[in-house]
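All residue numbers in this chain count up from 1 along the given sequence. Keep in mind the model is a prediction, meaning the values are calculated, not measured. Both ligands and their constituent atoms are indexed starting at 1 by order of listing.
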Amino acid sequence: MRTPIYNISPRLHPRAESLRSREMLSQSLESGLLVPQGLIAYGRGEAFDYLFGERTIPAARIAIRAAAARIILADRPVISVNGNVASVAAKGVARLSKLTGADVEINLFYRNQERIRRISGVLRDAGIRDVLGVDPAYQRRIPELSSERRRVDSRGIMKADVVVIPLEDGDRTESLRKMGKLVIAVDLNPLSRTSKSASISIVDDIVRVIPQMIDQIRYLNRLTNEEIHIIATSFNNSANLRSVLSYLTKRISRLSTKRQGRK
Ligand code: ATP
Ligand code: MG
């Protein structure tokens, strides 16, 4: 019998959120929704999150706002979902999709029919009626990509102008950019190829990003199109990533000069 870690309060454990994500990912592994490699990918993200102090840093907040503006202005936004995202953020993705009209498409590095069936089940349970990336009749291949990530839906990512790709791999990010898409990545590793090649890289945990993105979209929806456009176009991804790294180095150097046991 499992410990009910879902209910652990942040007051009782400083790492309650990450314990909850770990628990959800472990259960997804048991049910066949996730592959073991997904746990390793989470671990890499979690290590970065530890260094950031497990909170949304100011540069990420700016990137979230720019991403929200791009999603509002998009004609055909699509949110790409893999096993990790379905495990920890299915409900959030459903809310974001409902609010913005963005389509949701399953895209997997380790692709097989059983995983697709399970992930689409989780997304449907979360309230997404039409999950793309499932029906082989609409499957297309994006150029220059050899991994299973190349399979996209002709009604979704293939046609999209803005693609949100949480926890992506670098190769596909680069291919999507070459296809002329505006790519919004969510990746805790500011040094990954994904972060470096996306149009907007949100360096933060996906679990924290989605509710903040929803808040930003609600806020921006009250502004004029021109104001939203200014927020979208004034964002500079390389400058933002530099500020993420500068935050990280300053924090590490501050921590290294503090005495053990002090905050
Ligand atoms: P790239 O191919 O872009 O260089 P990578 O090889 O470092 O990336 P992948 O395994 O391809 O990494 O993708 C997983 C990425 O997802 C990791 O960089 C990790 O930081 C990030 N990640 C894992 N869990 C989360 C999470 N909960 N929120 C945000 N990012 C996460
Ligand atoms: Mg990779």
Side-chain angles (χ1 to χ4, degrees), residues 5-6 10 15-29 33-57 59-61 63-64 67 79-93 96 106-111 115 119 122 142 144-151 163-178 181 183-214 237-238 240-241 244-245 247-248:
I5 270 171
Y6 280 110
R15 219 135 277 118
E17 270 304 332
S18 89
L19 289 182
R20 197 171 304 139
S21 290
R22 284 182 181 191
E23 183 64 19
M24 285 170 157
L25 291 163
S26 310
Q27 290 187 6
S28 292
L29 184 71
L33 188 152
L34 196 71
V35 288
Q37 290 85 343
L39 297 182
I40 299 170
Y42 179 75
R44 179 181 289 166
E46 203 184 37
F48 275 101
D49 203 29
Y50 201 101
L51 298 175
F52 287 121
E54 295 164 306
R55 59 181 165 245
T56 303
I57 68 168
R61 209 162 289 131
I64 292 172
I79 308 164
S80 180
V81 169
N82 65 7
N84 284 57
V85 178
S87 304
V88 299
K91 283 195 181 132
V93 168
L96 185 60
I106 299 176
N107 183 274
L108 305 176
F109 193 88
Y110 301 98
R111 187 185 174 95
R115 288 193 71 207
I119 294 172
V122 165
I142 56 176
E144 299 172 50
L145 202 57
S146 54
S147 81
E148 286 297 299
R149 285 275 210 188
R150 70 183 183 270
R151 296 176 201 278
V163 191
V164 184
I165 49 164
L167 285 58
E168 186 67 35
D169 75 296
D171 293 332
R172 195 170 74 124
T173 314
E174 286 164 11
S175 307
L176 293 172
R177 286 302 304 277
K178 281 190 194 140
K181 314 221 181 260
V183 176
I184 298 167
V186 181
D187 188 339
L188 275 158
N189 177 3
L191 302 167
S192 72
R193 288 174 308 150
T194 298
S195 291
K196 285 183 183 157
S197 54
S199 320
I200 300 177
S201 309
I202 302 170
V203 183
D204 195 7
D205 192 305
I206 184 67
V207 173
R208 289 192 300 265
V209 169
I210 291 183
Q212 295 185 73
M213 199 176 258
I214 289 171
N237 205 45
S238 330
N240 193 268
L241 284 175
V244 169
L245 287 172
Y247 182 97
L248 194 59

Q: Answer yes or no: does an N/O atom from I206 fall short of 3.5 Å to an N/O atom of ligand 1?
A: yes
One finds that the ligand 1 atoms under 4.0 Å from a non-hydrogen atom of T194 are 1 (P), 3 (O)
Across all chains, not counting sequence neighbours, the salt bridge (Lys or Arg N to Asp or Glu O under 4.0 Å) partners of R111 are none
Among D204, T173, N84, V209, closest by heavy atom to atom 29 (C) of ligand 1 is D204
Check: of L25, V203, D205, D169, min heavy-atom distance to atom 27 (N) of ligand 1 comes from D205
Where do S18 and D49 land on the side chain to side chain contact (heavy atoms under 4.5 Å, CB included) test, with the steps shown first?
CA-CA 9 Å; S18 89; D49 203 29; 5.9 Å; no
Ligand 1 to S192, heavy atom cutoff 4.0 Å, flagged ligand atoms 1 (P), 3 (O), 4 (O), 8 (O)
Nearest non-hydrogen contact to atom 5 (P) of ligand 1 from the set R172, R149, R44 belongs to R44
*Basic-acidic side-chain contact under 4.0 Å: R22, E46*: yes
Query raised in the report: Is E17 paired with R20 through a side-chain N to carboxylate O contact shorter than 4.0 Å?
Result: yes
Counting from 1 in the order shown, the ligand 1 atoms closer than 4.0 Å to a non-hydrogen atom of N189 are 7 (O), 18 (O), 20 (O)
Ligand 1 to E168, heavy atom cutoff 4.0 Å, flagged ligand atoms 11 (O), 13 (O)
The side chain to side chain donor-acceptor pair (under 3.5 Å) partners of D205 (sequence neighbours excluded) come to none
Test side-chain contact (heavy atoms from CB on, under 4.5 Å), reference D169, set L167, T173, D171, output is D171
